[in-house]
Novice: 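Sharing a structure, written as structure tokens. Questions coming.
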Amino acid sequence: MSESPTRTPAFNHIAMSVPAGLLEPGGRRELLDFYGDVFGWTEMPTMSEDGKRLVLRAHSNEQFVFLVADD
């Protein structure tokens, strides 16, 4: 049996709501460390805003993960 080649997941964007405190500098660092280590995602700082939104680049500049503050 031959192995099939690994493919990059195909999606445009994903959005998730998280508590606002997670998007403050300390929480953001933990999120960036986790998602970076596990998935290789990196922050898009021009689109992120402390306490409101963290945008992660996933695999390419056309694939985003939005973490948005919610009560």
Novice: Going by salt bridge (charged side-chain N to carboxylate O under 4.0 Å, His left out), name the pairs with one or both residues in residues 13-28, residues two or more places apart or in two chains.
Specialist: Arg28-Glu43, Arg28-Asp50

Novice: Considering residues at least two apart in sequence or located in another chain, which fulfil the side chain to side chain donor-acceptor pair (under 3.5 Å) criterion with Thr46?
Specialist: none

Novice: Does Trp41 reach the side chain of Val65, with side-chain heavy atoms less than 4.5 Å apart?
Specialist: yes

Novice: So, using side chain to side chain donor-acceptor pair (under 3.5 Å) as the criterion, who are the partners of Arg57 when residues are at least two apart?
Specialist: Asn61

Novice: Would you compute the distance between atom NE2 of His59 and atom OG1 of Thr42 and round it to the nearest 0.5 angstrom?
Specialist: 10.5 Å

Novice: Testing the basics here: between Ala20 and Gly51, what is the closest heavy-atom pair and its distance to 0.1 Å?
Specialist: CB-O, 4.0 Å

Novice: For Val18, enumerate each residue passing the side chain to side chain contact (heavy atoms under 4.5 Å, CB included) test, keeping only those at least two apart in sequence or located in another chain.
Specialist: Leu22, Leu23, Leu67

Novice: Would Ile14 and Val68 show up in the same hydrophobic cluster when neighbours are defined by side-chain heavy atoms closer than 4.5 Å?
Specialist: no

Novice: For Glu49, check side chain to side chain donor-acceptor pair (under 3.5 Å) against everything at least two apart and list the hits.
Specialist: none

Novice: Please table the atom pairs, donor to acceptor, closer than 3.5 Å between any side-chain atom in residues 31-40 and protein atoms at least two apart or in another chain.
Specialist:
unit_1	atom_1	unit_2	atom_2	d
Asp33	OD1	Arg29	NH1	3.3

Novice: Is there a chain of hydrophobic side chains (I, L, V, M, F, W, Y, each step under 4.5 Å between heavy atoms) that links Leu54 to Met16?
Specialist: yes

Novice: Check for a donor-acceptor pair, side chain of Ser17 on one end and backbone N or O of Asp70 on the other, with a separation under 3.5 Å.
Specialist: no

